[in-house]
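Below you'll find the structure, written out as structure tokens, and then a few comments.
Naming: A, B, ... by sequence-line order, numbering from 1 per chain. These values consider heavy atoms only, across backbone and side chains, with no hydrogens, waters or symmetry-generated copies.
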Amino acid sequence: MQAAPPADRRRRRADLLTHIVLILGVLLFALPVWIVLMGSTHDGAAIGRGEVPLLPGAQGLDAYRRAWTEGAVGTTRVPVALMLWNSFVMAMLIALGKIAISLTSAYAVVFFRFPGRMLAFWAIFITLMLPVEVRIFPTFKVVSDLGMVNTYAGLIIPLIASATATLLFRQFFLTIPDEFVEAAKMDGAGPLRFFRDIVLPLSRTNMAALFVILFVYGWNQYLWPLLVTTSADVETIVIGIVKMIGTESNIDWSVVMATTVLALLPPIAVVVLMQRWFVQGLTDTEK
Amino acid sequence: MATLSLSGVRKQFGTTPVLHGIDLDVADGEMIVVVGASGCGKSTLLRIVAGLETASAGSVRIDGRDVTGLEPADRDIAMVFQNYALYPHMTVFENMAYGLKIRGMKLPDIRRRVDEAAQMLEIGPLLDRKPRQLSGGQRQRVAMGRAVVREPKLFLFDEPLSNLDAKLRVQMRAEIRRLQKRLGVTSLFVTHDQVEAMTLGDRLVVMHQGRAAQVASPMEVWGRPADTYVAGFIGSPAMNFLAATLLEGGGAAMLRAGPVIGFARAVSAAAAGTAVTLGIRPEHVEPAEGGLPLAIDLVEPLGSETVIHGTLPGGEVLTARLPIPASGIGATMPLRLPPEAFHVFEGASGRRLD
């Protein structure tokens, strides 16, 4: 065999280097998940002793059964099933609500000329710069005065407006050619028909992408649910996990880890399912 | 089937006037081509007729009905856009049917009309495709189909051929003309292409800086252009212009370098000594012994004919289109400028004098 030309060799060396970096990255991200996955199949006491299990243990799926139906011993004892449901409802409604509100507000800002239009846009835009934490106490006051503490409504409504999503939709709407608007006018489509028949179908991919991001955002909410939920029936999974490890003694680590794994599943499912849709949407649109 | 009449249509964007009062009467079934360089206001005019833009003053009447204040949808018109504006997520059928569906037409009726139009435009096999699966020419047909199914009073075309390649453009041009004749729908066609304008229009509106410089049939625009702008815009290569001074009697003028040029149609509207611009089309210049000597500086052979560029003794630039191969660069060729081929324009205003 002949020696490879230098250019080839150099390229191969660069390939090797990128692969090493990539593999290191993957290990770095995957290792904690792997430890949790393995830990959930071990006896809780083993982890309590400081062992880091890297291989499946003897317990099998017992911890999952207990977590799903009973919850953690010595904590709130809310079954994980209920917490998952609560988190799911919250994440779902936040994602859908954010999309619905930003779509309509972006539509108004882009396609209509009305006094105060730019003012409205900038008002929305500026709230981008305010983190949720800044307004969290006034928001809590309002929510509690309205008697929405410990309700789904209290959990969801304060988080439902999104400047980011509005901005993204606005940018997308600006790329819709004026000719479509004009053709629709000639066809006799009013603003609502244009929205329903043209703008919505064209925004499908954007909606899918945003849904994934916003669902995960809703699912991972921590601070707000911590403030606004005190009763078990609206407790979310993130809060649940924190409460499980919050009690100093007697932590049933295998249940905690099983719960963590369960908490991971819905966002993964959403990403995987929507990704399919997302790719189909991408190949389906105009170049 | 309808007439269209514009009177005193003006448009201003902010303080910038774009249209300075356009008057136009279009007869039933007529195809009017609005032609002009970019920025002359031709598209604005079309959009005012469409109702996508509101006129600052003046009125638009379709079939005698004042539609100046009406929405585009209520004007009973259809428009073919430059980039076709086909909705990308709808099939060809849905695209064509959309306007009818909104107007509340029953599905069987819609299907019948779309099928009819599709057959006429030979796009029947494409009805289930999405626009992105079509070629440029096919999209163009679908865009026309969408206009045809509406059976409107008026067709508006906004440079619909400018995105096609040269060969397809010629083909679609002929098809649009045939279709328009066959349907007999009054049409307004906007273009910047003079060949399109000449071949498509029953009459042309040559626009220049927001005014209609001339409204006439293509042959009249070519044969008797109203001013130097129209004369230079229509015809390729463009008409030659020679600065001259009118002589006594109005039948001749003197070029700067001295030669006197006679023209067949004597000018009576201007006094002797008036500065005039003489126009002669390159195709009317003839090679002749003893004519004006042209110093050739560029030769463009086109096969069947040759375009030569050069300068006359007085320094005037002249272009000639000759049916013979010409001698090379640097040579001098004697040319005759036939008196009957001259157009005489007033030097200052550019208006036609003869």
Residue B:F13 excluded, over 12 heavy atoms near CZ under 6.0 Å | yes
So, does A:E182 use its side chain to make a donor-acceptor pair with the main chain of B:L52 at under 3.5 Å?
-> no
Drop me the distance from B:R103's CZ to A:D187's CG, to the nearest 0.5 angstrom.
-> 7.0 Å
Answer yes or no: is there a donor N or O on one side and an acceptor on the other, between the side chain of B:Y98 and the main chain of A:A189, under 3.5 Å?
-> no
Output all residues satisfying ring pair (Phe, Tyr, Trp, His ring centres under 6.0 Å) with A:F112, sequence neighbours left out; order by chain, then residue number.
-> A:Y107
Any chance you could measure B:F81, atom CZ, to A:F180, atom CZ, to the nearest 0.5 Å?
-> 10.5 Å
Positions in residues 42-51 of chain B that reach chain A, provided some heavy atom is under 4.5 Å away = B:R47, B:A50
Distance, nearest 0.5 Å, that separates CG of B:L86 from CD of A:E179 | 9.5 Å
Most contact-rich option vs chain A, by heavy-atom pairs under 4.5 angstrom, among B:P72, B:A85, B:A73, B:A78, is B:A85
Among the options B:E71, B:R75, B:R146, B:K101, pick out the one with the most heavy-atom pairs lying under 4.5 Å from chain A.
-> B:R146
Taking all non-hydrogen atoms of both residues into account, name the closest pair between A:M186 and B:R150 and its distance.
-> O-NH1, 3.2 Å
Check B:P88 against A:L202 and note the closest heavy-atom contact, atom names and distance.
-> CG-CD2, 3.4 Å
Below 4.5 Å from any heavy atom of chain B, which atoms of A:D197 appear? Answer side chain, backbone, both or neither.
-> both
Residues in ring pair (Phe, Tyr, Trp, His ring centres under 6.0 Å) contact with B:F157, at least two apart in sequence or another chain | B:F155, B:F189
Over 12 foreign heavy atoms within 6.0 Å of CG, B:D128 | no
Listed by residue number, which members of residues 30-38 of chain B have a heavy atom under 4.5 Å from any heavy atom of chain A?
-> none
